[in-house]
Number of protein chains: 2
Amino acid sequence: MSDEAGAALTRDGTFSRRTEIVIRDMILDGTIPPGERLNEVALASALGISRGPLREAIQRLAGEGLLTVISHRGAFVRTFEARELDELYDMRCAFEMYAVRLICRRADDEQLGDLAAFVADTGLAMDDSNGRYPADRDFHRRLLALAGNTTLERAALDTQAQISLARSMSAQAPSRAKAALDEHQAIVDALRSREPDVAVRLVQQHLEHARSGALAALGFTDDPRKGNETP
Amino acid sequence: MSDEAGAALTRDGTFSRRTEIVIRDMILDGTIPPGERLNEVALASALGISRGPLREAIQRLAGEGLLTVISHRGAFVRTFEARELDELYDMRCAFEMYAVRLICRRADDEQLGDLAAFVADTGLAMDDSNGRYPADRDFHRRLLALAGNTTLERAALDTQAQISLARSMSAQAPSRAKAALDEHQAIVDALRSREPDVAVRLVQQHLEHARSGALAALGFTDDPRKGNETP
DNA sequence: TCTTTGTCAACTGTCAACAGTTGGACGGAG
DNA sequence: CTCCGTCCAACTGTTGACAGTTGACAAAGA
């Protein structure tokens with residue numbers, strides 16, 4: 001039984017790093033839902049390791065904003081108040097608005113062509129399905145990659161992960177798939193025309209829509225300048 | 001001897017958290033210079049604790065970008081290549097450009113008046129001294145605080161700390177104090193006139209100047225799109 | 001002299017046990 | 001029935017010891 005869940009971390013590297021990856025996946029998969037505590041002894045024995053490396057992994061994940069650690073009480077999968085989700089969308093906005101500026105300056109036409117092709121392809125895939133748009137995340141990932149700034153890309157992806165976790169706290173939002181796809185297309189068009197100011201404005205609007213949708217899906221009012229409950 | 005350097009962490013909280021604070025200060029103070037390894041057994045005994053909590057603190061500081069951890073080799077105070085410093089300035093730009101947008105929307109006249117007063121006061125303080133402008137960091141801190149987004153503020157301060165660490169790798173840059181002060185003043189003026197687009201542009205220019213100065217001070221060429229050496 | 005290989009000390013990764021704290025269950029008083 | 005104080009089990013914080021890896025030094029060979 002000691003190598004049951006532990007089978008997942010039978011690659012190389014230190015226990016600590018492998019454990020970090022396993023737990024991150026469990027959090028983002030929803031295997032461990034927001035608000036749930038990570039019992040160190042139970043989790044460590046389930047992974048077939050001791051508490052030392054597990055605790056180190058927990059510290060790193062807390063630094064990424066996926067766990068909340070409270071002294072003498074334990075580590076909890078992070079929950080988000082309206083305000084926090086709102087702030088995360090600001091972060092995302094800051095990152096992606098600057099990213100498109102960089103892209104206009106640095107990306108070549110071929111890279112932008114690839115991005116356009118991706119949007120077209122995944123758009124078709126969406127039409128086949130029923131109104132969902134699963135490639136939204138990938139579009140933003142590719143966008144950030146094109147900016148050519150690894151540091152910014154990593155920070156933005158962390159923010160994206162936190163938003164994803166926050167959104168997992170609610171049922172599905174009403175599908176904004178078609179609108180999002182159109183907005184992606186418009187952003188790419190602006191990039192290909194090398195119009196940074198237009199692209200920045202479109203990104204801002206796109207993320208503003210996403211923000212409203214996310215806040216509404218979590219049952220929050222549209223402009224949360226005040227805190228909320230913590231279960 | 002066990003509580004010699006350890007006297008510094010005789011406040012409350014867990015050893016792990018207190019240690020994190022102590023080490024962060026030592027890094028930013030220059031007590032432990034960039035590139036230096038943290039010997040776990042030596043440091044732990046110097047702080048009067050065991051290696052467990054020390055290692056947890058190290059993991060968190062690595063997450064902040066102040067330490068680089070290499071498996072089986074140890075934790076090193078981070079060093080920065082030209083490219084990395086350049087990327088950090090992009091991050092800072094993204095944060096502060098968005099921050100001033102938020103400030104134009106949210107900060108009231110009194111807050112902006114306080115900021116203006118701060119710039120005026122510290123400007124005089126600078127003139128008394130010999131060309132240095134120590135309050136630059138504080139100005140940016142206050143700016144970020146006014147944006148009213150705790151998440152963004154914390155991330156921006158982390159970035160600021162990394163930049164500060166990177167700059168500590170070189171001797172002093174040629175003083176840009178007067179120019180920086182004027183630029184700060186101009187930014188505040190734009191904010192008080194509620195002209196977000198102007199403020200954003202001024203922030204971008206200000207940070208672009210700071211970027212060039214920092215890269216030059218580290219002996220790097222002005223546009224580092226390629227990597228550098230790692231000692 | 002330069003390269004290669006074997007050995008070793010120092011250090012990190014990991015573990016199992018100990019100590020202190022927390023939240024809740026339990027029981028009694030009002 | 002509610003409220004409050006006590007006690008306890010479960011869990012986290014910390015420790016010291018063990019195991020595996022790394023880089024360097026020294027000896028042997030070309």
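First the proteins, then the strands, lettered A, B, ... as listed; each starts at 1. What you see below is based on every heavy atom in this structure, not just the backbone, and it leaves out hydrogens, waters and symmetry mates.
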Just the rounded figure in Å: distance from P of D/dC11 to CD of A/Glu36. 13 Å
Nucleotide nearest B/His72 (side chain, heavy atoms from C-beta), chosen from C/dG13, C/dT14, D/dT15: C/dG13
In whole Å, what is the span from the CG atom of A/Leu54 to the P atom of D/dC11? 14 Å
For a quick test of reading the model, state the closest non-hydrogen atom pair linking B/Tyr98 to A/Cys93 and the distance between them. CE1-CB, 3.4 Å
Between CD1 of A/Ile70 and P of D/dG13 the distance, given in whole Å, is 11 Å
Would you mind reading off the distance between B/Leu47 atom CG and D/dT14 atom P, rounded to a whole angstrom? 13 Å
Base, sugar-phosphate alone, or nothing: which one does A/Leu38 contact when heavy atoms must sit under 4.0 Å apart? sugar-phosphate
Remember a base hit wins even if backbone is also touched, and classify B/Arg37 as base, sugar-phosphate or nothing at under 4.0 Å, heavy atoms. sugar-phosphate
Students often get this wrong, so: under 4.0 angstrom with heavy atoms, is B/Gly52 touching a base, only sugar-phosphate, or nothing? base
Nearest whole Å is fine: how far is C/dT12 P from B/Gln59 CD? 12 Å
Sort out for me which residue in A/Arg17, A/Arg18, A/Arg24 forms a side-chain hydrogen bond (donor to acceptor under 3.5 Å, both in side chains) with A/Glu20. A/Arg24
So if I take every side-chain heavy atom of A/Ser50 and compare against D/dG16, C/dC15, C/dT12, which nucleotide ends up nearest? C/dC15
For A/Glu40 and C/dA16, give me the distance from atom CD to atom P, rounded to whole Å. 15 Å
Could you check how far CG of A/Leu43 sits from C1' of D/dC11, rounded to whole Å? 14 Å
Please name the pair of heavy atoms, one in B/Leu146 and one in B/Ala107, separated by the smallest distance, quoted to 0.1 Å. O-CB, 4.4 Å
Between the base of C/dG13 and the side chain of B/Arg51, is one N or O donor paired with an acceptor at under 3.5 angstrom? yes
Would you mind telling me which of D/dG23, D/dG13, C/dT14 lies closest to the side-chain atoms of B/Arg73? D/dG23
Under 4.0 Å between a Lys/Arg side-chain N and an Asp/Glu carboxylate O for A/Arg141 and A/Asp138? yes
What is the separation between atom CZ on B/Arg17 and atom P on C/dT21, rounded to the nearest whole Å? 16 Å
If you check every side-chain atom of B/Asn39, which of C/dT14, C/dT12, D/dC11 has the closest atom? C/dT12
Suppose the criterion is side chain to side chain donor-acceptor pair (under 3.5 Å): which pairs have a residue in residues 31-44 of chain B, not counting sequence neighbours? B/Glu40-B/Arg51, B/Glu40-B/Arg55
Closest to the A/Arg55 side chain, choosing from D/dT22, D/dT14, C/dT14: D/dT14
